Amino acid sequence: MLHKGKKGFGFVLRGAKAASPLMEMIPSDKCPSLQYMDDVDPGGVADMAGINKGDFLLAINAEDVTKASHETVVNLIRTSGDLVQLLVMTITPETPSASTLPARGFSTLPRKPGVVR
């Protein structure tokens with residue numbers, strides 16, 4: 001639950017607007033929602049709750065918003081008043097492990113006899 005602070009909830013939300021072709025997108029593992037946190041104020045309410053820039057917004061007050069337009073989501077947050085419950089998901093980019101990296105071989109060409117470098 002986020003309690004509205006003096007400067008609001010402390011985040012900037014971005015995502016697909018109602019008239020956008022992005023509304024046709026189907027949420028997936030890599031992009032689980034049409035709305036995401038574009039910015040989180042350092043030390044703000046959302047930051048203190050553990051919300052991060054880039055987090056995807058999945059639900060507001062237990063209502064699924066994964067396919068909701070930006071306007072709908074903003075309206076749900078505004079009508080929540082001074083208290084809102086957000087369910088967010090952080091997607092971390094997959095970092096390849098050493099075992100999945102291609103092997104790099106190094107070799108040294110033999111020097112020709114009598115050539116000094």
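Model, not experiment: these values are computed from the prediction.
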- Note on the structure: Sorted by chain and residue number, the side chain to side chain donor-acceptor pair (under 3.5 Å) partners of Thr72 (sequence neighbours excluded) come out as Ser69

- Task: Please list, chain by chain and in numerical order, all residues satisfying side-chain contact (heavy atoms from CB on, under 4.5 Å) with Thr79, sequence neighbours excluded.
- Result: Asn75

Under 3.5 Å donor-acceptor pairs involving side-chain atoms of residues 1-9, not counting sequence neighbours:
none

- Task: List the steps and the verdict of side-chain contact (heavy atoms from CB on, under 4.5 Å) for Ile77 and Phe11.
- Result: CA-CA 12 Å; Ile77 294 169; Phe11 63 85; 3.9 Å; yes

- Can any side-chain N or O of Gln35 pair as donor or acceptor with the backbone N or O of Val65 at less than 3.5 Å? no

- With a 4.5 Å limit on heavy-atom distance, are the side chains of Pro32 and Thr66 in contact? no

- Query: Please, which pairs that meet salt bridge (charged side-chain N to carboxylate O under 4.0 Å, His left out) have at least one residue in residues 67-93, sequence neighbours excluded?
  - Reply: none

- What is the distance from atom CD1 of Ile91 to atom NZ of Lys30, rounded to the nearest 0.5 Å? 10.5 Å

Output a table of donor-acceptor pairs, distance under 3.5 Å, between side-chain atoms of residues 37-62 and any protein atom two or more places apart or on a different chain; print 'none' if there are none.
| from | atom 1 | to | atom 2 | distance (Å) |
| --- | --- | --- | --- | --- |
| Asp38 | OD2 | Arg14 | NE | 3.3 |
| Asp47 | OD2 | Gly43 | N | 2.7 |
| Asp55 | OD1 | Thr90 | OG1 | 2.5 |
| Asp55 | OD2 | Asn52 | N | 2.8 |
| Asp55 | OD2 | Thr90 | OG1 | 3.4 |
| Asn61 | OD1 | Gln85 | N | 2.8 |
| Asn61 | ND2 | Ser80 | OG | 2.7 |

- Which hydrophobic side chains are connected to Met25, either touching it within the sub-4.5 Å cutoff or through other members that do? Met23, Leu34

